[in-house]
Engineer: 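Next up is a structure, given as structure tokens.
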Amino acid sequence: MEQLAKSLLFYRKSRALRQQDVADAVHIAKQTYSNYERNVCEPDCGTLIDLANFYGISINQLLGAKNEDLVIISRKQYEDLVQANKLLNQVLSGINPVDIKVKGDNNNVQVNSTYQTKEK
């Protein structure tokens, strides 16, 4: 699996790790990990899972799947997003849009808006 070898190299280098760091984290020999990156051999299923977990990605991502709509986040990140959304809704419920202008296309959007605070 040439794509797996490329992915392993990419994820390791993007985190400024040494092969020994990764090998230690997933409890394999450095030479074994080096062989994975050089596409000499492939990890077994358990090691593949360990590597994906170590890098914080899905096995599909590690194998090179190109699903750009798929974003994997931790439960904590999800809970933080939910909380931020609640706070944003509270802030927005206290203001009235007076003038909103949207310009652009699907790739670039510019929003100019004016708001006033709702009176209580």
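The chain is numbered in sequence order, starting from 1. In this text the structure is predicted, and so the values were computed from the model without any measurement.
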Engineer: Between Y55 and Q61, is there a side-chain heavy-atom distance shorter than 4.5 Å?
Structural biologist: no

Engineer: Please find the pair of heavy atoms, one from A52 and one from L62, that lie closest to each other, and give the distance.
Structural biologist: N-CD2, 3.8 Å

Engineer: A side-chain contact here means heavy atoms from C-beta on lying under 4.5 Å apart; do F54 and D50 qualify?
Structural biologist: no

Engineer: Just checking, any donor-acceptor pair under 3.5 angstrom between side chains of T32 and N35?
Structural biologist: no

Engineer: Tell me, do Y36 and L9 make a side-chain contact under 4.5 Å, heavy atoms counted?
Structural biologist: no

Engineer: Please name the pair of heavy atoms, one in S7 and one in G64, separated by the smallest distance, quoted to 0.1 Å.
Structural biologist: OG-N, 4.1 Å

Engineer: How about S34 and V40: do any of their side-chain heavy atoms sit closer than 4.5 Å?
Structural biologist: no

Engineer: Give a yes or no answer on whether the side chain of D21 reaches the backbone of R18 with a donor-acceptor pair at less than 3.5 Å.
Structural biologist: yes

Engineer: Evaluate the criterion side chain to side chain contact (heavy atoms under 4.5 Å, CB included) for residue pair Q20 and Y33; output intermediate values, then yes/no.
Structural biologist: CA-CA 8 Å; Q20 187 68 57; Y33 183 80; over 6 Å; no

Engineer: Check the surroundings of atom CD in Q31: do more than 12 heavy atoms from other residues, nucleotides or ligands lie under 6.0 Å from it?
Structural biologist: yes

Engineer: Count I, L, V, M, F, W, Y as connected when their side-chain heavy atoms are under 4.5 Å apart, and connections chain through other members. Are Y11 and I28 then in the same cluster?
Structural biologist: yes

Engineer: So, do V22 and L51 sit near enough that their side-chain heavy atoms are less than 4.5 Å apart?
Structural biologist: yes

Engineer: Can you tell me how far apart CD (E42) and OG1 (T47) are? Round to the nearest 0.5 Å.
Structural biologist: 12.0 Å

Engineer: Working to the nearest 0.5 angstrom, can you tell me the gap between Q19 CD and K30 NZ?
Structural biologist: 5.0 Å

Engineer: Kindly compute the distance separating NZ (K86) from CG (L81), expressed to the nearest 0.5 Å.
Structural biologist: 12.5 Å

